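Reading through the C-alpha cells given below for one structure.
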Amino acid sequence: MFNPKNLLKALPAFLILSVCAASAGAQTAKKPEDNRFTKVVLAQGVEEPMQFQIMKDGRVIYAERKGKIKVYNPATNKITVIAEFAVSTKYVSKKGEVSEGEDGMQGIILDPDYDTNHWIYVYYAPVGDVAKNTLERYTWLGKEILRDTKKTVLDVPTQREECCHVGGGMLFDKDKNLYLSTGDNTFSRASDGFSPLDERPGMSPEDSQKSSGNTNDLRGKILRIHPEANGSYTVPAGNLFAPGTPKTKPEIYTMGNRNPWRLTIDSKTGWLYWGEVGPDGSKDDFEKRGPQSYDEFNQAKKPGNYGWPYFVGDNKAYRKYDFGTKQSGELFNAEHPENHSPNSSGLTELPPATPAFIWYAKGVSTQFPLMETGGNSAVGGPIFRKADFKNAKRPFPDYYEGKWLITDWVRGWVNVVEIGENGEYKSMERFLPELRLRGPIDMKFGPEGDLYVLEYGNGYFKNNPEAELIRIEYNGGNRKPQVQATAGKTAGALPLTVALSSAGTKDFDDDDVLTYEWKVTKGGKPFKTFKTQNPSVTFSTPGIYKATLTVTDLKGSTNSKSLTVKAGNEPPVVAVTVTKGNSSFFFPNKTIAYKINVSDKEDGSLANKRIAASQVSVSANYLSEGYNMTAIAQKQQGVDATARYAAGIALIAKSDCRACHSVKDKVLGPSFIEVAKKYKNDQSAVATLSKKIKNGGSGTWGHAEMPAHPALTNNELGSIVRYILSTATPQKTQKSMPVTGTYTTTIPKGENDNGSYIFRASYTDRGTASAAALTTENLLVLRGSLLTPSQANESKEMAYNRDSTIVVVKTPGAYLKFNKVDLTNIKNIELKLLPRGRATDPPGTVEIRSGAADGKVLGNFTGSYVGLNTLRIPVTGAEGKEDLYIVFTGNPARLNGVKFNNE
C-alpha cells in the first residue's frame with residue numbers, strides 16, 4: 001500500500017526543507033494591509049441576481065430570479081441576455097391566496113468541459129401545473145442559449161402552496177460530479193420561529209419532516225450526481241445512501257438542510273462547505289419548543305445528516321410538538337433521530353445529526369462575536385488555495401491560504417475563517433472592515449485571483465437600484481499614491497489668491513519618491529502649471545477654475561485629485577452666536593438669546609441693512625441623543641423640519657431594516673407608513689416598538705418574524721421609532737426664525753433630554769455680473785449637559801471599557817480633556833461615579849482646571865469615593881470658552897458621565 005512517508009524518505013534533504021518551508025510560510029505569512037485591496041464595480045442595475053460563474057476570459061454569466069440569464073462582458077462593459085425562461089415565482093394557498101416566493105431561476109453553471117462540449121446547466125422552477133424545480137442542460141455557443149438542445153437531467157418535486165426555501169446552488173468537483181443544493185420547501189413562519197413540524201392532515205407544507213428529514217425526498221438536501229453525455233446522470237459511489245436502499249434517494253449527499261446556500265469545495269482536502277439559512281425565532285423556549293433561530297456555516301468531510309428540522313446550530317434540539325393540542329413532547333435525540341411524521345415516505349431511523357461548523361443567532365454570539373447582531377442570512381463563500389490560480393495576475397496573498405471567506409446577506413460583512421489541518425475551527429477575522437456589501441448573494445474567486453461578489457441589494461423580490469456585480473482586486477506590488485488636494489479658499493473676489501496644498505498625500509510603499517504637478521485649467525483650457533507641492537495661484541479674471549494635482553511615484557504609478565475654485569465673488573460670512581446663556585450646552589425649558597450676523601463683500605451686511613433679514617434662513621432643530629448629531633446636521637440644507645429625524649434615518653440606513661421594510665411599500669414586513677398609521681394615536685408606541693425592535697417578535701403583521709437587535713441602545717431605538725412614526729404625517733417646511741431673538745429649548749414630546757439643539761443660519765448672495773451666487777451656512781450646536789467619557793476630546797492614563805461608556809483612572813495625574821467648553825452660568829460639574837473601593841481606601845483628589853492639565857484650578861474635591869454615586873464640584877473663575885481638564889490624583893475612580901449643571 002502506498003505510504004507518502006516513504007516518499008519523503010527518498011527525497012533529498014534540501015527538497016524536504018523546501019517543502020516544509022513552503023508549508024510553514026503559508027501559516028506565518030503576514031496579513032496584507034487593507035489598502036492593497038481595491039473594490040471595482042463591474043456592472044450595476046442587475047435585477048434580482050442569484051448565482052454566477054466567471055469564465056476564463058473574464059466574462060461573467062449570471063442568473064436573475066425572474067428568469068433571465070445574462071452575461072457581463074468586461075471587454076465592452078455591457079450586459080447581454082442569452083436566455084429568458086418562463087419561471088414560477090408564485091404560491092397559491094388552499095384558500096386561493098397568492099403570494100410571492102423565492103422560486104424562479106435559481107442557478108446556472110457551466111460544464112467542466114465547456115470549452116469542448118459547450119454545455120450549460122440551469123436550475124429553475126418552470127411555469128406549469130406540475131410543482132417542481134428542474135435541472136436542465138443546454139448547449140451555449142456564446143450567444144443565445146440553444147433552447148432546442150434541452151436535456152432534462154433531474155426533477156425535484158415540490159409544493160407551491162406555501163413559501164419558501166429553494167436552495168439552488170451548484171458546483172462541480174474534480175471528478176466532475178455535480179452538487180446541487182435544495183431547500184426544505186416549507187412554510188416555517190407559522191411555527192413561531194421554531195421548527196415546522198405540523199403533522200396535522202393537510203398541513204404538509206408546514207412540516208419539514210416531509211422534505212429535510214425525509215430520506216426518500218430530494219428537498220432539504222445537497223445532492224451529488226454525475227451528469228452523462230446523453231443528458232442523464234449516474235450516482236457516484238459514497239453518497240449518504242447506497243443505491244437500492246429502501247425508502248431512500250441515492251442522490252442524497254447531505255440531508256437535514258433547511259436552505260443551503262453557495263457551496264464550495266476545498267480543492268486540497270475535497271471537503272464541502274456551505275451557508276445555511278436558519279429560522280426566524282429570537283428567543284429560546286426549551287421547556288415547550290426548543291432553541292431560538294441559528295444560521296449556520298457547515299462543513300462536510302463526508303456524507304451526513306445536518307439535523308434540520310430536529311436540531312439547529314451545534315445540535316441544539318427541538319421538542320416534539322403537537323400543533324393541534326399545543327402539547328410538547330420529548331427533546332429529539334441527536335445520536336438517534338427518528339422521523340415518525342405521516343408526511344414522510346422515508347426511513348424512520350435517521351443518521352446521527354452532525355453539528356454546525358459555525359452557528360449564530362440574532363443576538364450577540366459568545367462563540368463567534370464577529371458575526372454581529374440583528375437579522376441574519378448566511379451565505380457561503382470560497383476557500384482560497386493559491387495552487388488554483390497558477391499564472392494569475394492578482395492572486396490573494398499566502399496569508400489567506402486554506403481560509404474560508406464567508407458573508408451574510410443581511411449583515412453585509414465578509415469574515416475570514418481559519419481552519420485547522422484536521423478541519424477544526426481555529427479563528428475568525430474581518431476582511432476589509434470598511435467594506436459593507438448590500439445583499440451579497442454569491443461570492444467566489446475569478447481566474448485572475450480576484451474576489452467577485454454579486455450583490456442582490458436591500459430588499460426582497462424587487463429590482464434594487466444598489467444591486468451590482470463587483471470584484472475586489474489585490475495589489476501585491478507597487479501601490480498608487482493616495483492623493484489629497486485642498487485649497488485655502490475655494491471662492492472669492494478678484495484678485496483671488498489661493499494657496500493650494502497637497503498635505504495628507506502619502507505613498508504606502510516607503511521607498512518611493514513622489515513628484516507633484518498641479519495643472520490649473522479654465523473651461524478645459526490650460527491656465528497655469530506648477531511643479532511644486534504647495535503652490536500659490538492668483539486669479540485676476542472671473543470664472544470657474546479646476547485645479548488638478550497629479551502625484552507620481554518612483555515606479556511611474558500616478559494618481560490625481562481635483563478641486564474647483566470660483567473666482568469673482570466673495571462668499572458671504574455667516575455667524576450664529578449666543579448673546580445670553582451658555583454657548584456649549586442647552587438646558588431643558590431654559591431661554592437663550594441669539595443673534596445672526598451676515599456680511600458679504602459685494603452685498604453688504606445685516607448690520608448696515610443692505611442685506612434684509614428676510615433673505616437669511618434661520619432654524620432650530622432638536623436631534624435626539626444616540627448619533628453624531630453635528631455630522632448629520634451638516635448634511636441638512638435649509639430650514640427643514642425633518643432634520644430632527646436625521647438620526648433615525650441614518651441608523652436605518654446602516655442597519656438591516658431595509659431588508660424587510662421600505663417607507664411606502666410592503667416588502668417582507670409592513671411599510672413604515674403602515675406602521676405609523678397603526679400606532680398614530682398610541683401614546684406608548686415609542687416604548688412598544690422599541691421593545692419589539694430590540695427583542696424581536698411576530699404576530700402583529702402576520703407570521704413574518706422581526707429579528708432581535710439587542711446591540712441597539714434605547715436612544716438609538718427611540719430615534720428609529722420616532723422617524724418611522726413620522727412617515728405618515730407630511731413634514732411641513734418650517735418658517736424661518738428672526739435673525740435676532742430668544743428661543744426656549746423645549747424638548748419635543750417623546751424625545752430624550754440629552755440630545756443636541758442645532759441652530760442653523762444660511763444666506764445666498766446675489767452673485768456678481770461675472771460670477772454665480774454662493775451660499776454660506778453656519779451652525780451652532782448646543783449639546784445636552786451630560787457627556788459620556790467617550791465624548792472627551794483627549795484622555796491620559798484612563799482605561800475605557802469596550803464601548804467607552806465607563807472610564808477608570810489608571811494612575812495619579814490622569815485626566816479627561818473637553819475642548820472649548822463654555823462655563824457661563826455653570827454652577828458645578830457633576831461626576832457620575834460607579835461604586836468601588838472600601839472604607840479603608842485612601843482618599844482621592846479631583847481638580848477642574850482650564851487651559852492645561854496644570855492650568856488654573858476652577859474647582860476641586862478631596863476625599864473618599866466610597867458610597868458616592870455622584871460627586872458635585874463647584875466651579876468658579878471661568879473666562880469664556882476654554883479647554884477643560886478633569887484631573888485625578890490619589891485613589892483611582894470609575895465614572896460613566898460628566899454633567900454640567902446650571903443650578
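Note that the structure is a prediction, hence the values are computed from the model and not measured.
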Any side-chain heavy-atom pair of D398 and K386 under 4.5 Å: yes
The side chain to side chain donor-acceptor pair (under 3.5 Å) partner of S562 among T550, T548, T521 is T548
Are L451 and F37 packed together at the side-chain level, in the sense that at least one heavy-atom pair is separated by less than 4.5 angstrom? no
Just by distance, do the side chain of R436 and the backbone of R411 share a donor-acceptor pair under 3.5 Å? yes
Sidechain-backbone polar pair: R479 side chain, N35 backbone, donor-acceptor under 3.5 Å: no
NZ/NE/NH1/NH2 to OD/OE distance under 4.0 Å, E448 and R471: no
Are W261 and I441 side-chain neighbours, meaning at least one heavy-atom pair lies under 4.5 Å? yes
Donor-acceptor side-chain pairing of E48 and Y456 below 3.5 angstrom: yes
Does some side-chain heavy atom of E466 sit less than 4.5 Å from a side-chain heavy atom of N458? yes
Verdict with reasoning, W271 to I383, per side chain to side chain contact (heavy atoms under 4.5 Å, CB included): CA-CA 10 Å; W271 298 336; I383 288 180; over 6 Å; no
Neighbour count >12 (heavy atoms, 6.0 Å) for atom NZ, K444: yes
Audit row: F384, F389, ring-ring contact (aromatic ring centres under 6.0 Å, His included) steps and yes/no: CA-CA 9 Å; F384 178 75; F389 302 99; 5.6 Å; yes
Result for ring pair (Phe, Tyr, Trp, His ring centres under 6.0 Å) between Y273 and one of F297, W404, Y179 points to W404
Under-4.0 Å salt bridge between D509 and K555: no
Do D34 and P433 have side chains that get closer than 4.5 Å, going by heavy atoms? yes
Any R385 side-chain heavy atom under 4.5 Å of E401 side chain: yes
Given side chains that start at C-beta, do those of F357 and I419 come closer than 4.5 Å, heavy atoms only? yes
Indicate yes or no for a side-chain donor-acceptor contact from N298 to the backbone of W274 under 3.5 Å, with no hydrogens or angles considered. no
Is the Y72-F52 ring centre distance short of 6.0 angstrom? no
If we count only N and O atoms by modelled type, under 3.5 Å, do the side chains of D408 and Y360 hold a donor and an acceptor together? yes
Within the structure provided, determine whether R59 and P74 are in side-chain contact (heavy-atom separation under 4.5 Å). yes
Quick one: do E468 and K39 make a salt bridge, cutoff under 4.0 Å? yes
For D57, is the CG atom crowded, meaning more than 12 foreign heavy atoms sit under 6.0 Å from it? yes
